[in-house]
Structures are given as C-alpha cells and as structure tokens.
Protein chains: 2
Amino acid sequence: MIKLAVVDDHPIVIQGIVSLINNLENMQVVGSFQSGSALISFLNTHEIDIVLLDVMLPDVNGIELCAQVKKLSPKTIVIAISNHTERSIIMQILQNGASGYILKNASVEELKNGIETALRGELAFSKEVIEIIAKPSVNDLKGRPKFTKREKQILQLIAQGKTTASIAEELFLSPLTIETHRRNMMQKLDVKNAIELINIATEQLLI
Amino acid sequence: MIKLAVVDDHPIVIQGIVSLINNLENMQVVGSFQSGSALISFLNTHEIDIVLLDVMLPDVNGIELCAQVKKLSPKTIVIAISNHTERSIIMQILQNGASGYILKNASVEELKNGIETALRGELAFSKEVIEIIAKPSVNDLKGRPKFTKREKQILQLIAQGKTTASIAEELFLSPLTIETHRRNMMQKLDVKNAIELINIATEQLLI
DNA sequence: TTTTTTCTACCTGATTTCAGGTATATTCTG
DNA sequence: CAGAATATACCTGAAATCAGGTAGAAAAAA
C-alpha cells in the first residue's frame, strides 16, 4: 500500500485529494496537514512514499519545504500542487527534488495520472506546465536573488503602500536607509519602479 | 433530493465538495462548472436548490455572479466560498442575495454545517467570517466606488508596474490623461499612492 | 433632446521616487 | 582573526508621482 501525505491550507482541497486517492486501490492518504511545519514533524516519525504539497502555505513556501522534505527523507516522492505558473518557481522546486508540478486548475485525471507517473520514477506535469517549461524565459537567467531579513521587512511595508518616510518612522531608521534598501532590491530584480518590485518579488515568492 | 451546483475554477476543489456532498444522504451535486458563464447557461435549463460559488473566477467576480443567479432564479440558495476576508466583499455579496459566506480554509464540517444552515433559511458563515462581520470597518462607509472601463484598463497597466509615459504610449493618449485617470481613481478610494490604489482595488475586486 | 457621465487634455507646484554614487559600523562567516 | 556580508546614512540630480485645480468634446442616459 502506497502511503501519501497531503499539505494544503484549504481543508476542502485536502478533502478533494483524499477522496480522489481513496478511489484508487493501492494508495492511501495517511496524513493531511495545513502547514509545512506540521508535515515536517510528521515525517520525523512516519515513513511516507509520496507528499503532495501546496506551494503557497502560511509558514513556508514550497521551494523551501520541498528541500526540507527531501533532506529529511530522500526517497519520498514530492509532487507540487500550485497556482503559480512562473517558470522559475517550477524549475527551482524541481531542482529541489520534486518529481512533479501540477496546477490546481488541472483536471482530476491529470492529478491522478501525475501521481502514477511520479510513482514510476518519471517526472509528472500537468499539460499547461509542460508548455511553460518548454519555452525558456529570459527572467530565469537572473536566478532567484536573496533578500536579507531587513530587505524583506521593508519590502512588506512598501507592498502595503507605505511611503519611504512612514516606513522610516516605523522602523526608527533614516528615510535614506529605507531608500537604499529599496534600491538594492530593485537592482537585484532589475526592475525600475516599486510596483514592479512588488510584483516580481511576489511572483518569485521572495516575500 | 436537494440539487446542488458548484462553481470553482479548481477541479480539485470541486472534487472535494462533490465528495463531501455525496456523503450526505439527501443531497446531490448535479452540475459543476469552472466559470460563471457556464453556470448561468446551465441555470437557464435546470432548476437548482443550492449554488456553491467561488468568489474568484476567471470571468466574473462573485458579487456580480451572485446577483445574476438570484435574478435568474430567485429561490436558489447561494453560498459563497472564498479566500477573501474583506468585510465589504462579504457584505456586498450578502446584499446581493447570498445566504452564506464560507472561507476556503474552513473545515469540511463548517462547510457541511453551512449548507444545512442555509437550507433551513438561515444565514451560514464560517467562524472567522462571523468575527469579520461583527466588527464594522471604516472602509465600509465609503461603499464600493465604480470604476469606468477606461479607468479599469489603466489600473491594470499601472498594476503591471508600467509608468504613466508607457501607458500613454500604449493607449495612444497623453500622459496627462493617464495621470488624471489615476488620480481620479485614487480619489475615489481615498488613497495616497499607486501601490495602495492597487491593493485596495484588488481587495475590493474592482479590477 | 437636454442632462449627465465619461474621456480627454492642460497648468502649477509640492512631494516622492529613482539612479548614480560614497562611507562607516556591525554582524556574520570561514 | 580577517574578510565578507549586512545595515546604516548621506550627497546630488533627474524623473516620476501626487495634489489642486480647469475645461472641452464625446458618449451615454434621462
């Protein structure tokens, strides 16, 4: 019997996956979780064949969580389930050891096939994902730059629509410092205004 | 037998709801759709007791779709299923005739209870939603301003991080015109920069 | 067909962001 | 400990946004 674990912060989605799996003869969902940390602590005491994980979770993002899972339990197969269609996200999660990437708007057949494909040791993708992978993007070449804690903190405030001055006040810093951080981030992502900064950073799960 | 229809652009979510309903004795999902228009054309030829609808759909938002459903078939019970926690969204969809509002991170029990509650003619909410409704927000008083087509069009380009100049070029308009539209929208939402404009507009489903 | 709304364009001036730097103290890391 | 990375702050100047108007033409609604 193949043992699965499911991670998704939406119970209804878990319900959907569980009911899908239970229709299959040789598989069983033995654990479902709404956060990455819950999954990790479960994996410490249980052996799991396949993990289906949502890329957008409240505590960690799928890229990091996938790496954690593979580190903890290298033979566990990880399949990402996501809404994100950014090529770089897909590629990075695959590099971190995922065996598949299936979009949430994929049909249930696609998901079912994906699980079976991954079980055979192949890579599993939903149709749309294959198209995304097929055409390389210029943005990928940049890689995924790292933001420091301070930068992330400031980015979040920028994303809320706060001005440099008010952020400076809130963090007890000079406005010039805030500007420097903003500009450093903009340079890292090669964008030319704050809105683009937020958009790209959000896409790349940098916030 | 109570007949349900489900609208959600994620087949897995539909799967979850269907499996949930099928466990109940007296209900049956007779139609599931991935867009608002698909639901509407179905309702033209079928009588449905309950519609479960996702608020974020590719074609229309839940506020408008709910109104359409109630107009077409006033006795059909509508329950919104959403991630949005903005009070104004909840209140508006209720004003448009919805009988409930359940968050996607609600437990399956909450959803089940909600459906039964709505069936009894009461309003059904998940726990979190009750808290949101309980405390009135200052933002609600403003109501939901309407954006014109042109304004929405420009707002979308702003949201992509484009500058006034490039938007003007793209739409064959004067940059001053773009600025005027942006400022008019900012005034309508009572915000003081473009990022806030995008945030609030997105929250309020104005884009 | 009036009236209203929408779309368009402009003016002026204040404020903010953007872009190129430099620089120093601190903290992390090999 | 030495070097690298991080966090902080400043300078200058250009560009863009923000805020307050006004105003006419076109489209939609009454």
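All chains are named by letter (A, B, ...) in the order of the sequence lines, taking the proteins before the strands, and each is independently numbered beginning at 1.
Using a 4.0 Å cut-off between a side-chain N of Lys or Arg and a carboxylate O of Asp or Glu, B:Glu47 and B:Lys3 do not qualify as a salt bridge. A salt bridge links A:Asp54 with A:Lys104; the closest basic N to acidic carboxylate O contact falls under 4.0 Å. Between A:Glu110 and A:Lys127 there is no salt bridge, since none of the side-chain N atoms of the basic residue sits less than 4.0 Å from a carboxylate O of the acidic one. Residues A:Lys192 and A:Glu196 are paired through a salt bridge, judged by an N-O separation under 4.0 Å between the basic side chain and the carboxylate.
Note on B:Thr148: only backbone sugar-phosphate atoms sit closer than 4.0 angstrom, heavy atoms only; bases stay farther off. Using a 4.0 Å heavy-atom distance criterion, B:Thr180 is classed as a base contact. Base engagement by A:Arg183 is indicated by at least one non-hydrogen atom pair under 4.0 Å involving a base atom. Contacts of A:Glu151 with the nucleic acid, taken as non-hydrogen atoms under 4.0 Å apart, are absent. As judged by a 4.0 angstrom heavy-atom cut-off over every strand, A:Ala165 is placed among residues making no nucleic acid contact. Within the 4.0 angstrom heavy-atom criterion, only backbone atoms of the sugar-phosphate kind lie near A:Thr164; the bases stay farther away.
Rounding to whole angstrom units, CG of residue B:Asn184 and C1' of D:dC18 are separated by 13 Å. Whole-Å rounding puts the A:Ile158 CD1 to C:dC18 C1' distance at 12 Å. Taking atom NZ of residue B:Lys149 and atom P of nucleotide C:dT5, one finds them 17 Å apart after rounding to whole Å. One atom, CZ of A:Phe147, and another, P of D:dT6, lie 12 Å apart when rounded to the nearest Å. For the pair B:Ile167 CD1 and D:dA16 C1', the computed distance is 12 Å after rounding to whole Å. Atom P of nucleotide C:dC7 and atom NZ of B:Lys152 are separated by 11 Å, given to the nearest angstrom. Atom P of nucleotide C:dT6 and atom CD1 of B:Ile154 are separated by 14 Å, given to the nearest angstrom. One atom, NZ of A:Lys192, and another, C1' of D:dA15, lie 13 Å apart when rounded to the nearest Å.
Taking only side-chain atoms of B:Glu179, from C-beta outward, the nucleotide of D:dT8, D:dC18, C:dA9 with the closest atom is D:dC18. When the nucleotides C:dT17, D:dT17, C:dA9 are ranked by their closest atom to the side chain of B:Leu176, C:dA9 comes out on top. Among the nucleotides D:dC18, D:dA7, C:dA19, the one closest to the side chain of A:His181 is D:dA7. Minimum atom distance to the side chain of A:Met186 is reached by C:dC18, of the listed C:dC18, C:dC7, D:dA19.
The shortest distance between the side-chain N/O atoms of B:Ser174 and the OP1/OP2 oxygens of C:dT8 is not below 4.0 Å. Considering only side-chain N and O atoms, A:Arg182 lies under 4.0 angstrom from the phosphate OP1 or OP2 of C:dC18.
Sequence order on DNA chain D of the closest nucleotides to A:Leu171 and B:Asn193 puts A:Leu171 first from the 5' end.
Among residues two or more places apart in sequence or in another chain, the side-chain hydrogen bond (donor to acceptor under 3.5 Å, both in side chains) test is passed with A:Thr180 by none.
One N or O on the side chain of B:Asn96 and one on the backbone of B:Ile63 form a donor-acceptor pair closer than 3.5 Å. Side-chain N or O atoms of B:Thr117 include none that pairs as donor or acceptor with a backbone N or O of B:Glu122 at under 3.5 Å.
Taking 4.5 Å as the limit, some side-chain heavy atom of A:Val78 sits within range of a side-chain heavy atom of A:Lys70.
End-to-end axis angle for the helix from C:dT1-D:dA30 to C:dG30-D:dC1, using five pairs per end and rounding to 10°, comes out at 70°.
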